[in-house]
Amino acid sequence: MGGVAKIMERLAESASRLLSGLAAIILFTLVVLTCVDVIGRYFFSMPVVGAVELVRICMAGIIFFSLPAMFFRNDHVCVDLITMLMRGRIGWIISVVMLIVSIYVAWRVGDRVFDYAVRAHEDGDKTEYLGIPRVITVSFITLSLYAAAAMGFIRLVIIIINPEKANRVASGEN
């Protein structure tokens, strides 16, 4: 089982790097779009048409493409209220339970967003100004949520096999 877990871990790491790279490209695109829009708006009185829609789509891309990597690398925001409980056997149990809950929530939200994607496709729903089909954005959000659940499951398998990895942060310790 250890060999399969190592392969899953390598594949998940590659996938999380790819999705993080996509999020970074989208962030760069958002920066360029914002700069062009501001320069066009204030210096030439010609803003980018549909910039608000494009910013919304870019923000969704950044957030949801980052989600699978966050699940896999355990990069979530932590509040140090119960750090004394996060050590040893109790910490491992809490990590496993929280991962199971997180996987379930990501999967259920993915199901709901998938339903919305189907409705958007059936209705031919488009954005207000540019007429971009919403099904494209919503489909990528759905895939990212399912990928986040899959990454969480891989992390769950890894910490069940190697309990010492449960409490390490993503800064190269995993």
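Quick note: residue numbers are just sequence positions, from 1. In what follows, every heavy atom counts, from backbone to side chain, and hydrogens, waters and symmetry copies are set aside.
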Any side-chain heavy-atom pair of Phe43 and Val38 under 4.5 Å = no
Distance, nearest 0.5 Å, that separates CD1 of Ile62 from CG of Leu22 = 11.5 Å
Rounded to the nearest 0.5 Å, what separation is found between the CZ atom of Phe64 and the OG1 atom of Thr142?
-> 9.0 Å
Validation row: Lys6, Glu9 side chains within 4.5 angstrom (heavy atoms) = yes
Output every pair passing ring-ring contact (aromatic ring centres under 6.0 Å, His included) with a member in residues 105-134, not counting sequence neighbours, ordered by first then second residue.
-> Trp107-Tyr146
So, for Arg155 and Phe71, which heavy atoms are closest and what is the spacing to 0.1 Å?
-> CD-O, 3.4 Å
CZ (Phe140) and CG (Leu19) are apart, to the nearest 0.5 Å, by 10.5 Å
Salt bridge or not for Asp123 and Arg119, using N-O below 4.0 Å?
-> no
Write down the atom of Leu33, the atom of Ala51, and the distance for their closest heavy-atom approach.
-> CD2-O, 4.2 Å
If only atom types and distance count, is the side chain of Ser20 paired as donor or acceptor with the main-chain N or O of Arg17 below 3.5 Å?
-> no
Spell out, as yes or no, whether a donor-acceptor pair under 3.5 Å connects the side chain of Thr127 to the backbone of Ile132.
-> yes
Between Arg134 and Glu53, does at least one N-O distance fall below 4.0 Å, as a salt bridge requires?
-> no
Going only through I, L, V, M, F, W and Y residues with side-chain contacts under 4.5 Å, is there a path from Val31 to Ile39?
-> no
Atom pair CD1 (Ile154) and CD (Glu13), whose distance is rounded to the nearest 0.5 Å = 10.5 Å
If you group Ile, Leu, Val, Met, Phe, Trp and Tyr by side-chain heavy-atom gaps below 4.5 Å, do Leu67 and Leu99 land in one group?
-> yes
Taking every heavy atom of Leu130 against every heavy atom of Val49, the minimum-distance pair comes out as CD2-O, 3.8 Å
Nearest 0.5 Å, what's the SG-CZ distance between Cys58 and Phe65?
-> 11.0 Å
To the nearest 0.5 Å, how far apart are CD1 in Ile57 and OG1 in Thr137?
-> 4.0 Å
Would Ile161 end up clustered with Met8 when hydrophobic side chains under 4.5 Å apart are linked, directly or stepwise?
-> yes
Should Val118 and Ile136 be regarded as members of a common hydrophobic cluster, given that ILVMFWY residues are connected when their side-chain heavy atoms come within less than 4.5 Å of each other, either directly or indirectly?
-> no
Shortest non-hydrogen pair, Val135 vs Ala117, comes out as CG2-O, 3.5 Å
When you measure from the side chain of Ser16 to the backbone N and O of Ala69, does any donor-acceptor pair fall under 3.5 Å?
-> no
Looking only at heavy atoms, which two atoms of Asp37 and Val48 are closest? And how far apart?
-> OD1-N, 2.9 Å
Determine whether Val36 and Leu27 fall in the same hydrophobic cluster, where Ile, Leu, Val, Met, Phe, Trp and Tyr are linked whenever their side-chain heavy atoms lie under 4.5 Å apart.
-> yes
Would you name the heavy atoms of Lys126 and Gly131 that are closest together and state the gap between them?
-> CD-O, 3.5 Å
